[in-house]
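Note sheet for the following structure.
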Amino acid sequence: MPELSQPYRILVACFCQESNRLNPRSADEELFVVERGRDILRSPTGVLKGLAEALVNAGVTIEPVFSASGGAGGLVDHDFYLRMREQLLDAVRRTKPDAIGLSLHGAMGTTQTPDAEGDLLQALRRLVGPTVPIGVGLDLHGHITPRMLDNSDICIACKENPHSDFVECGQKVAELLIEQLEGRLKPVTVSARVPMILPGAGETGSGPLAEIHAKAREYAALHPSIEDISIYNVFRFTDDYEIGQVVTVLSNGPSADAPSIAVDLATRFWVERERFKDDLLTVEEAFERVQSSPDERPFAIGDMGDRVAAGAPGDSTILLSAALDRYPGLCGAVPITDPAAAASAIEAGVGATVTFAVGAGYTPGFTPRLITGIIEHVSDGSFTAKGPVGGGARWAMGPTAVIRVDDRIQVLLTTKPGETLDPAAFTSQAVVIEDLDFVVVKSGFHFVSNFAGVATPVLVNTPGVGYYKKHQFEFRKAHFWPEHDIASPEITARQHSADVSINS
Ligand SMILES: [Zn+2]
């Protein structure tokens with residue numbers, strides 16, 4: 001990157017959570033990991049890492065405000081959201097930055113609004129006016145609204161699911177912000193939306209999504225004025241009017257081709273919609289496979305319905321009960337969110353034998369499971385993820401106890417919904433994965449790369465609020481295929497821009 005023409009100060013912050021409105025446990029500060037000031041630069045991960053490091057390397061002075069990461073969970077407590085928003089606005093008032101760079105998820109909703117990022121960006125835009133660039137790096141599972149795009153200059157997503165390119169996304173935001181400050185970039189974003197969700201097959205490495213991403217790369221290579229094409233897998237657990245698959249094309253100045261490119265890519269989703277299917281096993285099929293395939297053990301069984309990675313509470317007992325009642329020959333580990341049981345177990349201490357009902361504290365329709373077992377490990381539940389998804393990040397399950405039941409099933413009782421998509425969630429609790437036949441993970445896709453070489457992945461069709469099933473959940477605002485019959489949607493392009501940045 002060329003020398004900067006003048007010294008710049010850019011404010012950076014991270015406020016990320018993926019909000020599943022069907023999870024009744026709202027997320028307040030306790031369910032976030034919050035760091036403030038320069039602490040956020042000690043070991044940043046993801047978009048924040050790429051953003052902050054690229055800015056510093058380019059000679060920019062950065063003003064770090066906070067990093068608040070809530071993983072996935074229920075809707076964010078609105079008061080907590082407002083406090084964080086105010087801290088961010090305050091920091092902008094105090095430091096008067098030349099630009100703002102943010103790491104946001106894109107599908108954060110609060111107990112009062114389904115479009116928290118839109119609200120946040122609008123508040124920032126109103127404060128700084130149209131001339132201070134605002135750049136955002138998002139998760140591709142964002143619920144992208146016109147309000148977000150209208151109130152930012154650069155709003156782009158990572159390109160891979162499972163997500164292994166968050167850092168690159170942050171670096172790109174940094175580069176584009178600098179280009180804009182230097183006057184070499186006049187960002188214009190065009191979006192196209194198609195009212196559908198992906199019922200399954202959300203991975204970008206294979207299938208129809210891989211083809212659409214390949215086409216996007218082809219378009220970008222052919223059109224030098226196009227700086228970014230972002231393709232969003234809509235987040236399925238938001239109920240908002242503008243729900244749908246979104247494609248955004250960011251160009252340097254208005255591009256005559258961007259609208260047709262956005263519409264073409266969005267249309268491909270519609271044309272290919274029947275191909276977006278998951279290949280899920282039933283609970284019985286999954287355990288039968290574990291039982292009949294000793295050479296492939298251990299297995300990592302993705303509990304799709306109770307995916308903490310999609311904002312579910314992680315309190316399902318369905319796979320635990322199946323393993324205990326119907327597969328007496330199998331050894332495994334099953335995480336369950338249950339703060340009260342975890343506290344009782346920790347109080348009883350390692351070596352104690354306890355009997356209590358666990359799980360089902362949050363998800364409607366789940367049943368607690370009575371277990372008797374020996375407590376073999378207790379901890380604060382923190383660990384550092386090692387796999388490609390989230391590697392290096394410090395994740396917190398809250399106070400956690402491991403109870404051995406029937407001398408073969410280890411139940412990890414966690415206080416917070418456990419991010420178990422990484423083997424370190426288990427190994428940090430002294431669970432020896434290679435000695436087991438299976439571990440249950442509360443993830444659908446991301447665990448596959450993190451468990452590569454450790455366990456054979458299988459995805460299981462289980463009940464819960466972490467997996468979309470047609471007509472299972474009520475949508476009051478959202479209108480989309482396949483939930484609703486839509487004959488042939490009109491797919492059009494819409495331009496978003498801060499007028500001043502195009503016209504000046
Ligand atoms: Zn995501």
Checklist line | Residue pair Arg83, Glu29: steps toward the salt bridge (Lys or Arg N to Asp or Glu O under 4.0 Å) verdict | finding: CA-CA 10 Å; Arg83 286 201 302 278; Glu29 186 159 0; 3.8 Å; yes

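Between the Asp338 side chain and the Gly359 main chain, a donor and an acceptor come within less than 3.5 Å of each other. Side-chain N or O atoms of Ser164 include none that pairs as donor or acceptor with a backbone N or O of Pro388 at under 3.5 Å. Using a distance-only test at 3.5 Å, with no hydrogens or angles considered, a donor-acceptor pair links the side chain of Thr414 to the main chain of Lys416. For Thr317 (side chain) and Thr367 (main-chain N/O), a donor-acceptor pair under 3.5 Å exists by modelled atom type. Judged by distance alone, the side chain of Thr61 and the main-chain N or O of Arg9 form no donor-acceptor pair under 3.5 Å. Checked by atom type and distance alone, the side chain of Asp422 pairs as donor or acceptor with a backbone atom of Gly387 at under 3.5 Å. Without hydrogens or angle criteria, Asp165 side chain to Glu160 main chain gives a donor-acceptor distance under 3.5 Å.
Taking the six-membered ring for Trp and the full ring otherwise, the centers of Phe235 and Phe237 sit less than 6.0 Å from each other. With ring centers used as reference points, His446 lies under 6.0 Å from His163.
Residues satisfying the side chain to side chain donor-acceptor pair (under 3.5 Å) criterion with Asp406, sequence neighbours excluded, are absent altogether. Residues that satisfy the side chain to side chain donor-acceptor pair (under 3.5 Å) test with His213, not counting sequence neighbours, are absent from this structure.
At a cut-off of 3.5 Å, with distance as the only test, no side-chain donor of Ser26 or Asp77 sits close to an acceptor on the other residue. In summary, the side chains of Asp303 and Thr462 do present a donor paired with an acceptor at a separation below 3.5 Å, with no hydrogens or angles considered.
Checked for salt-bridge contact, Lys477 and Glu242 miss the test: no charged N lies under 4.0 Å from a carboxylate O. Glu35 has a carboxylate O that lies under 4.0 Å from a charged side-chain N of Arg42, or vice versa, which qualifies the two as a salt bridge. Looking at Lys470 and Glu483, no side-chain N of the basic residue comes within less than 4.0 Å of a carboxylate O on the acidic one, giving no salt bridge. Checked for salt-bridge contact, Glu86 and Arg93 meet the test: a charged N lies under 4.0 Å from a carboxylate O. Salt bridge status for Asp115 with Arg147: present, with a side-chain N to carboxylate O gap under 4.0 Å. A salt bridge links Asp325 with Arg369; the closest basic N to acidic carboxylate O contact falls under 4.0 Å. Salt-bridge formation is detected for the pair Asp228/Lys159: a Lys NZ or Arg NE/NH1/NH2 atom is positioned less than 4.0 Å from an Asp or Glu carboxylate oxygen.
Between His78 and Tyr81, the ring planes lie tilted relative to each other; the angle falls in the 30° to 60° range. Between Phe80 and Phe32, the ring planes are tilted. Angles from 30° to 60° get that label.
How far CZ of Arg193 is from CD1 of Ile144: 12.5 Å, rounded to the nearest 0.5 Å. Here Leu319 contributes atom CG and Asp306 contributes atom CG; the two are 8.5 Å apart, rounded to the nearest 0.5 Å.
With Leu48 as reference, Cys14 is the one residue of Pro64, Cys14, Cys16 to meet the side chain to side chain contact (heavy atoms under 4.5 Å, CB included) rule.
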